[in-house]
Amino acid sequence: MANADCIVIQGSNMAECHPVGYQWVTEAKARGAKVIHVDPRFTRTSAVADRHVPIRAGSDIVLLGALINHVLSNELWFKEYVVAYTNAATIVNEDFRDTEDLDGLFSGYDPETGEYDLESWAYSRREHDASGTEAGSGTTDPDDHEHREDDAHADDYEHGADTSERAAGHQYGSGGPPIEHPEFESDPTLQHPRTVFQILKRHYSRYTPEMVRDACGISVEDFDYLARTITENSGRERTTCFAYAVGWTQHTTGAQFIRAASILQLLLGNMGRPGGGIMALRGHASIQGSTDIPTLFNLLPGYLPMPRVGMDSLEDYLDSVSSRTQKGYWAHADAYTISLLKAWWGDAAQADNDWAYSYLPRLNGAHGTYQTVMSMLDDEVDGYFVFGQNPAVGSAHGRMQRLGMAHLKWLVVRDFSLIETATWWKDGPEIASGELRTEDIETEVFFMPAATHVEKAGTFTQTQRLLQWRHQATTPPGDCQSELHFFYELGRRIRSRLAESTDERDRPLLDLMWDYPTDEHGDPDPEAVLAEINGTHLTGPQAGRPLSSYTEMKPDGSTAGGCWIYSGVYADGINHAANRRPGHEQGPNAPEWGWAWPSNRRILYNRASADPEGRPWSERKKFVWWDEEKQQWTGQDVPDFPVDRAPGSPSDPRAGGAAGLAGDDPFIMQADGKGWLFAPKGMVDGPLPTHYEAQESPVDNPLYTQQQSPARITFPRTDNLSAPSANAAGVGVYPCIFTTYRLTEHHTAGGMSRWLPYLSELQPEMFCEVSPELAAERGLEPYGWATIISPRAAIEAKVLVTERMRTLTVGGRPVHQVGLPYHWGVGGEAFVTGDAANDLLGITLDPNVQIQESKVGSCDIRPGRRPHGAELLALIADYQTRAGLTPETSNERVTDPGTSGAVGGPAAPGTANAAGIPGTPAAPDTPGTETEREG
Amino acid sequence: MRQLTEAPDHIAHHEHPRKGFFTDTSICIGCKACEVACKEWNRNPHDSAFELLESSYDNTGSLGADTWRHVAFVEQSGQQIEQARESGRALVSLGMPGIGPPASRPSSAAPGIVPSDTASSDTTPPDTPEFRWLMSSDVCKHCTNAGCLDVCPTGALFRTEFGTVVVQDDVCNGCGTCVAGCPFGVIERRSDGIVAPKTERDFTPGEQAATRNVGVAQKCTLCYDRMVDDQTPACAQACPTTSIKYGDREEMVATARQRVAELQTQGMSEARLYGANDFDGVGGTGSVFLLLDEPEVYGLPPDPRVPTADLPQMFKRAGIAAAGMLAATAVAFVAGGRR
Amino acid sequence: MARFSFLEWPVIRQLRSSDSLGRGEAVTSQRTREIAPRTATADRVVQSVCPYCAVGCGQRVFVKDGKVVQIEGDPDSPISRGRLCPKGAASEQLVNAPGRQTRLLYRAPRATEWQHLDLDTAIDMIADRFIAARRRGWQDTDEHGRRLRRTMGIAALGGATLDNEENYLIKKLFTAAGAVQIENQARI
Amino acid sequence: MTVTEFDSYRPPEPPRKRRRGGKGRRRGAGGADGSREMPMVPEPEFTSYYGRPVVKAPPWENPIAVYFVLGGVAGGSSLLALGAQLADLPELRRNSRISAVAAAGVGAIALVTDLGRPERFLNMLRTIKLTSPMSLGSWILAAFSTGAGVAAVSEVDRMTDCRAPLGPLRKVLRAAEHPAGVVAAVFAAPLAAYTAVLLSDTAVPTWNAAREDLPFVFVSSAALASGGLGIITTSVSQARPARALAVLGAAGDLVATQVMERRMDPVAAEPLHEGGPGQTLRWSRRLVAVGGLGALLGGGNRIVAAASGAALLAGSALTRFGVLHAGLNSAADPRYTIEPQKRRLAARRRAGITHDSITTAG
């Protein structure tokens, strides 16, 4: 990032949320790079940027699409790069229909299920390769590189043929859906009407500067500045970098926001090159680690998917993960899976019992946290463990979270202090409103004090996949325990209680490898766990020796390893995550500080920093190149490519895995080695990013009849009402847009900041930010109180009237935005308390990654404090009645054209498939989509 | 009467070079890490009734006994930006010392600022004409002629071997004279603190430590205790963007001059330095600032003057007055005894 | 200050030294002359990583008498170069927060207040409840008779400040127990 | 505070604790609300940081003013005592000596109570700082008190008919008595005058701006107060010098105050006229005038003399309280710091002096 010539920060408030990461932007700016901040609010990031471009929250795809259109129609794309490294030339299936043809829907949509059949999006195959319709997909983000900016974990693409279980991200792990080693039709001249390139051109043709003005509220002048700056700073000599965070992910179309930026960056040739790429800014110490080794329902460690119902044998399972003949390293998923099973069940996992594959539970639907909360409300969940998290404040629709917990039999909260999730039964908002009575709540609550980061040893994985070991500084005080200690102990006791059990269902617990060396307090040794994650040779001459790389993993039970991508962190029995050679003694990539997965590679896809012949694109931007003399790749970083694969060497169609890569397939984790402009698979809501309005938006979608994303996941319930959209009746009841965000001074739901006086005093009270125009219109007094009402809740906040909030003109009408930080919660224990902005949010999810839409919603704002008790509920109900809300409001999948005119109803998928646009595999790249609240 | 103020060269009374800060507000992101790092290191009590102070994102208000680094937030309209540019241009036209870019840019200077390799000739002013949000981390100036130090009756305040001004907590009796003596409103006597201590225990989870140094004048020590061990002050070490730089004062001033010249070349005529002039009313400050508007916008005095500079004259006037009193008494006895 | 010594009286030191105006060395106290940072007097310093955001800034943790007395940026870290944001800079206060709970608390059904509970007892109670909830929510097959082998009676939500090793053990234990409803901050 | 129908459901808000600074924001040119608060002043051209003070007021409260008053009384009384000693007026000498030591003693206690750490008051004598009026003042007070103390002890001993078992010390005491009185008198005028320097040698705008003439006000005030005390305590026959001193002091005070205010920066002088301190100072002048006239014209009458003396003492006290609080107020409002500074900076620039600005272009 420090090498970039232009940095566009969009959907992120980097200076506020990642101040220390921002040092690299500061350096780039000092070198002369342009920094542009695109955001609804003028934030501290805007204050130090060259220019702030205010944008209506949730309209980012219009802007990015218009930039794509600008680049394409003005011939500003990086031709050599695009032709060689992307799927621009690939030809798409003739059945494919674009949103331009179907007024906001792609071909393949089923209005009954709200899901797409992805078949018509596939690449067109060459005649002789008739092995099926299985089109390529792959994933990963060719995200940028250069130290510390890639977010490599790849992503979430779904298997096209089966979208019935949209279990969110990582269904297919980093490898994406399996594909045979494919050969697809392509047209290097890019002239064929069904080439990805031509489809792209048509798709974005109506995304014009004027559309940006009308939809985003961005002036044509600002757009020109942005377009000019980006294109002037891209190409051989220069690179532009995008940085985003949850300002993009927390939308019903969040994953597509990122795709749109990836397309732009590929067209400009900014991927895989120093100072280019897309940088995901993640919010939490080990958010990356907790997806790598996931405490997520749909993944096993290393992005292996959880088995799903019907996958009765290991073979079924592995077939769903990868094809042995696909390109890249995912071809060896069998070795990774069997090593994992050996690590978990040891000798109980043998070839004859499918390596204990049957011990794994199966999924048949999504079991994300929001679905779980609804199960709680249905009394289906007895016990709930919450560790280091404060859903009563930090999760969307806080009221539903708290009411759900009131249905539990028992709740275990593990944290440093008495967070609202531990005390809602006593002083939560529902106690105040009379909805709950403490004496009636049956839930048993265990509050267990947790150990802090210095009272335990272990690794965090930071946003660029770097594992860093923390040494233990001191022992936890009092009853405090690490999670490691607690869950180890819990497992031990559960196992001992079941020791006599003959029930088959208890076998997985009893056969579990659960012996870890402990210290005198019974605390297990985290290094032993790390060693298990790394893996070991079980048999053979090297038996007992730690694996040095995942390439050593075997599918024959001779190796064990808990997370293949982390294999190598404990190579030679040395904890490489604890490597600490000072940064100033090393080069910019600092390979001897910590350990990055995979294989301590700091930068991904750096092959793209050289041209197809292997020469650097320019002297100024040289990074990795082909050394003719030594016949190998070399440069400033470890090449992320088979080191001896010469440029121009052809792909071996029969070889799978790494051996199948051609000399100019830089995106090595993708199934076809190319950067994807068009995603034939993997994205369940469309192969190309398309602008839809948010679940709640007072604005009519200016591009299509279809108002919201047709594939979004909705929960039409009386306790999850949505505001009317666009031209619907009652839209004026909730006329403003609110957006939630985080401040530098606090940490998410406040569990790690509102109990600290030094941080609490810096931002002591809940406030809302409004423009002077809105304040004048509503009679809001500076620093007085205001009440903000959404269809779910009403909260109060102090008013900051500031020109940092702009009233935007969208579609000729003023649109007021209300900014709400979400750190505060109602309770009695913290230094500072206040109403929780997240209570306002409803639950509507992105179908790709199941992240909720929390960056934008509809609300009303009025002066004064909110009422208390039953009056509060009456106020909310009064608004709901006035707006005529029902569970169906804004939840129709396909927008009724009657409400907005234009094309006809549910565009029956698959019916309009005649016109032929032969498909070709294209490769999108989507950087890490799962992200947390504000990252 | 001899001159009572210190000359800049008196300060180097030890072998150590004088140390100081250069706070470059043009790259401050207002994160307040400096405030927290300072409080954390110095174990200062928090300084707030936990209420919004009605001043943008600033909720600690000003420097004081408990807050030794303070980040100011100022929201400005286009008209105010234009005025700032105007006043900056006026400064340049005055022909002040050290005007214009240094003839050749010393490559050693400016830690954290890499010489530009791209923006060679871009002299158009940055485009944020409609609005801006200024952030600036204020701190004790560690003046060459320190008012607080001069008026301290007990010797609690002293000039360290690094040329900084530090309170000795164990000596100060809290007379408060230094509070009035500071032209920048930095030093303050610590009151009882806001949270009553539960116990005397320190660094213990779940326990509130006692507030230290109550009743004693308190201010930034430039982390004297760290400095004696050759460590960087807490705020400068924490600062994510190197808006706060720490080092030999001479080097800081050079860096500041280079940076301001750079910004002016880029068309930011509003950039100016504060405290880099050894001929000003306090003999130059140990903490130098790069500001983007007039000092009073940030709560800094526009023309501070150490009161000690006028002390000889005050003594003279007091002497005359005292003599007058003697004379009046004499007259009284002469007049009163006449009858 | 120690016992009064006439020669050490600053008035005398003023006269004896060049610091006649009493602004420097003449007026220092013994404590001032012996000042040392607690980073230098700590028993040990260990390298750690900031627990707040995903940038992964290096930290140095100074420990004296078993207590954490200072946490500051690690200048050796190539990621952060010794810098910290306000939250990172407050890490010492996170560890030693006055509001931090160090004792286990239990709220019985319908109770209006917390009560203290022994840690050991609490873990036993949780283990018992875990087993019971697992059985109650057990699903062997779905409605088509396809194997599920899981329980829906237990759910978990984790923060993203957990170590990889911790996540690993949790995922391992829950998966073996058939508890699939496990989520973390990544999706919140 | 905005109000809604729902506010009644809320617990009442505790009154806001304002830590510092004025209410509301005062930014930008014009300072419209600045003018609202200060209607007497023409629209000021002035910018500040949310109206927060630039300089801090010292933590000095009324005990300090009490000390200033009593310091003046002590100084003036010991001068009277020396005069009486020389002019052989034993009653005046005795009363003045005792007044001096009592005033100095009570004043010192007041001074100590105002310390943040009173137990460390001895640190005042830790060093001699020529740059610190407080340090010099402490030494002056110490020396003065020693002299005045010895002289007073001797008086008390005489009053108690030498009943204290002093033995041979009594001889020493008697021998030291007169020299001690001289010592006290030597430090008397400095004791009365230094407090003015103590105030002026600060960044507090009003005090600093008064630096040329404040010592004259203070010594005059000291003279009139000690004279006033003299005519209260001493019979008319011996009180004539005290009466004369009171009259001279009162005249001096009224003149010096006028001169001082006229020579000050008009903005910095404003707090002397406004609000509580303005009121205090107006009353002070009235009492001084009345007391002075009373002493001059009715000093022969014991009742009138005593009343005049009381008026003078009260007037003197009000002067110190007024000046103290006017200064504290001037520190609390950034206008008094910023405006005069900007004006003097601009004046210097107009005069071609450009080398001494703290703000520089490079």
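As the structure is a computational prediction, the values presented were derived from the model and not from experiment. Letters A, B, ... are given to chains in the order of the sequence lines, protein chains preceding strands, and every chain is numbered from 1. What you see below is based on every heavy atom in this structure, not just the backbone, and it leaves out hydrogens, waters and symmetry mates.
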Using a strict 4.0 Å threshold on nitrogen-to-oxygen distance, state whether Lys87(C) and Glu745(A) make a salt bridge. no
Contact origin within Glu483(A) toward chain C - heavy atom pairs under 4.5 Å: both
dist Ser290(A):OG -> Asn184(C):CG (nearest 0.5 Å) comes out at 4.0 Å
side-chain contact (heavy atoms from CB on, under 4.5 Å) between Leu104(C) and Phe447(A): does it pass, once the steps are laid out? CA-CA 6 Å; Leu104(C) 192 141; Phe447(A) 175 82; over 6 Å; no
Contact winner vs chain A - Gln139(C), Arg103(C), Met152(C), Arg150(C), heavy-atom pairs under 4.5 Å: Arg150(C)
Ser375(A) versus chain C, the contacting section by heavy-atom distance below 4.5 Å: side chain
When the 4.5 angstrom heavy-atom criterion is applied to Leu466(A) and chain C, the contacting part is side chain
Regarding Glu444(A) and Arg107(C), does a basic nitrogen lie under 4.0 Å from an acidic carboxylate oxygen? no
Atom group of Leu512(A) that falls short of 4.5 Å from chain C, counting heavy atoms: side chain
Would you call the rings of Trp425(A) and Trp114(C) parallel, tilted or perpendicular, taking 30° and 60° as the class edges? perpendicular
Let me know which of His747(A), His453(A), His746(A) forms a ring pair (Phe, Tyr, Trp, His ring centres under 6.0 Å) with Tyr52(C). His747(A)
Checking heavy atoms, do the side chain of Glu455(A), its backbone, both or neither come under 4.5 Å from chain C? side chain
Nearest heavy-atom neighbours spanning Ala90(C) and Leu756(A): O-CD1, 3.9 Å
Between Asp163(C) and Arg470(A), does at least one N-O distance fall below 4.0 Å, as a salt bridge requires? yes
So that I can tick it off, tell me whether Arg493(A) and Asp124(C) are bridged by a salt bridge, with the cut-off set at under 4.0 angstrom between side-chain N and carboxylate O. yes
Heavy-atom contact with chain C under 4.5 Å, split by part of Val386(A): both
If you tally heavy-atom pairs under 4.5 Å between each of Val63(C), Val180(C), Leu94(C), Val61(C) and chain A, the highest tally belongs to Leu94(C)
Residue Val55(C) versus chain A: region with a heavy atom under 4.5 Å: both
Could you give me the CA-CA distance, side-chain angles and deciding distance for Leu484(A) and Leu169(C), then say whether side-chain contact (heavy atoms from CB on, under 4.5 Å) is met? CA-CA 7 Å; Leu484(A) 195 73; Leu169(C) 276 202; 3.6 Å; yes
Would you say the side-chain atoms of Asp479(A) and Thr102(C) include a donor-acceptor pair closer than 3.5 Å? no
Under 4.5 Å from a heavy atom of chain C, the part of Gln481(A) involved: side chain
Grab the two heavy atoms, one from Leu119(C) and one from Met448(A), that are nearest each other, plus how far apart they are. CD1-CE, 3.9 Å
Can you check whether Ala133(C)'s main-chain N or O pairs, donor with acceptor, with Lys409(A)'s side chain at less than 3.5 Å? no
Side chain from CB out, backbone as N, CA, C, O: work out which of these in Ala457(A) comes under 4.5 Å of a heavy atom of chain C, or both, or neither. backbone
If you take all heavy atoms of Ala473(A) and Val46(C), which pair is closest and at what distance? CB-CG2, 3.4 Å
Against the six-membered ring of Trp755(A), is Arg100(C) placed for a cation-pi contact (under 6.0 Å from the centre, within 45° of the normal)? no
May I ask you to name which of Arg44(C), Arg81(C), Arg146(C) has the most heavy-atom pairs under 4.5 Å with chain A? Arg81(C)
If I measure from the heavy atoms of chain C, does Pro757(A) come under 4.5 Å with its side chain, its backbone, both, or neither? both
Output the option from Cys50(C), Ser91(C), Gly58(C), Ser77(C) having the highest count of non-hydrogen pairs under 4.5 Å with chain A. Ser77(C)
Okay, Asp440(A) and chain C: the region with an atom under 4.5 Å from a heavy atom over there is both
In short, Val454(A) meets Ser48(C) closest at the heavy-atom pair CG1-OG, 4.4 Å
Evaluate the side-chain contact (heavy atoms from CB on, under 4.5 Å) criterion for residues Cys53(C) and His18(A): first the C-alpha distance (whole Å), next the side-chain angles of each, then the deciding distance (0.1 Å), finally the verdict. CA-CA 7 Å; Cys53(C) 88; His18(A) 300 87; 3.7 Å; yes
Side-chain donor-acceptor contact under 3.5 Å, Thr459(A) with Asn164(C): yes
Check the orientation of Phe130(C) and Phe385(A). Use parallel for under 30°, tilted for 30 to 60°, and perpendicular for over 60°. tilted
Would the distance check show the side chain of Thr463(A) and the main-chain N or O of Ala54(C) forming a donor-acceptor pair, the cut-off being under 3.5 Å? no
Salt bridge (charged side-chain N to carboxylate O under 4.0 Å, His left out) partner of Asp382(A), the single match among Arg135(C), Arg129(C), Arg134(C), Arg136(C): Arg136(C)
At their closest point, which heavy atom of Glu183(C) faces which heavy atom of Thr369(A), and how far apart are they? CG-N, 3.3 Å
One pair to check against salt bridge (charged side-chain N to carboxylate O under 4.0 Å, His left out): Arg147(C) and Asp312(A). What are the steps and the verdict? CA-CA 8 Å; Arg147(C) 194 171 167 85; Asp312(A) 283 330; over 6 Å; no
Contact class of Leu467(A) relative to chain C, heavy atoms under 4.5 angstrom: side chain
Without hydrogens or angle criteria, can the side chains of Tyr384(A) and Gln181(C) be said to hold a donor-acceptor pair below 3.5 Å? no
Determine, stepwise, if the pair Thr295(A) / Phe174(C) fulfils side-chain contact (heavy atoms from CB on, under 4.5 Å). CA-CA 9 Å; Thr295(A) 41; Phe174(C) 272 64; over 6 Å; no
Closest non-hydrogen atom pair, Cys85(C) against Val20(A): N-CG2, 3.5 Å
Please state whether the side chain, the backbone, both or neither of Gln59(C) comes within less than 4.5 Å of a heavy atom of chain A. side chain
